[in-house]
Student: 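Below you will find the structure I want to go over with you.
Model, not experiment: these values are computed from the prediction.
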Amino acid sequence: MNNRNQKKVKRKTITLETKIAILNRLADGEGSTALGKEYKLGESTIRAIQKRASNFIFVYCRVCVDDTAFLYMNLKAALTSSASD
């Protein structure tokens with residue numbers, strides 16, 4: 001076979017928020033076929049997201065904690081600077 005004539009399939013990036021939304025809807029009982037059609041993803045991609053759910057949830061929780069810590073530090077700095085004014 002000649003690989004030069006074959007088109008490369010461009011991979012689609014799926015955001016963490018989208019993956020979490022898909023996981024929530026799967027947990028609510030929606031099917032992988034329906035979700036695949038809605039998000040324009042293959043059913044196997046939806047099932048792969050479901051299979052790796054623990055990885056996504058861990059990353060998502062870590063991001064939430066990091067954002068909360070960041071917001072807390074900024075809020076504390078703002079309160080400290082306004083108190084000294």
Side-chain angles (χ1 to χ4, degrees):
M1 291 192 151
N2 190 352
N3 289 337
R4 293 181 197 191
N5 295 333
Q6 293 178 351
K7 289 185 179 181
K8 288 188 177 184
V9 176
K10 185 162 181 156
R11 297 182 73 163
K12 185 175 181 180
T13 304
I14 307 166
T15 65
L16 182 60
E17 288 79 15
T18 301
K19 291 175 185 176
I20 297 297
I22 289 170
L23 289 173
N24 287 334
R25 291 178 66 180
L26 285 168
D28 289 340
E30 289 190 54
S32 55
T33 303
L35 289 172
K37 286 179 182 178
E38 183 176 333
Y39 286 97
K40 296 183 176 114
L41 299 169
E43 183 181 354
S44 61
T45 303
I46 301 296
R47 282 189 265 114
I49 290 170
Q50 187 175 23
K51 184 177 178 181
R52 296 180 185 96
S54 60
N55 296 342
F56 301 131
I57 293 169
F58 173 75
V59 171
Y60 183 72
C61 290
R62 186 169 178 201
V63 167
C64 289
V65 169
D66 289 347
D67 285 348
T68 303
F70 177 74
L71 291 172
Y72 174 75
M73 289 186 305
N74 285 344
L75 180 60
K76 186 176 177 182
L79 291 174
T80 306
S81 67
S82 66
S84 63
D85 288 343

Student: Heavy-atom distance under 4.5 Å between the side chains of K40 and K12, does that happen here?
Tutor: yes
Student: By side-chain contact (heavy atoms from CB on, under 4.5 Å), which residues pair with K8, not counting sequence neighbours?
Tutor: none
Student: So which heavy atom on I46 is nearest to which on S32, and how close?
Tutor: CG2-CB, 3.6 Å
Student: Which pair of non-hydrogen atoms, one from Q50 and one from L23, has the smallest distance, and what is that distance?
Tutor: CA-CD2, 3.8 Å
Student: Scan L35, T33, L41 and name whichever one has a side-chain contact (heavy atoms from CB on, under 4.5 Å) with K37.
Tutor: T33
Student: Check side-chain contact (heavy atoms from CB on, under 4.5 Å) between E38 and all other residues, then give those that pass, not counting sequence neighbours.
Tutor: R25
Student: Drop me the distance from I49's CD1 to K51's NZ, to the nearest 0.5 angstrom.
Tutor: 13.5 Å
Student: For T18, check side-chain contact (heavy atoms from CB on, under 4.5 Å) against everything at least two apart and list the hits.
Tutor: I14, T15, I22, Y39
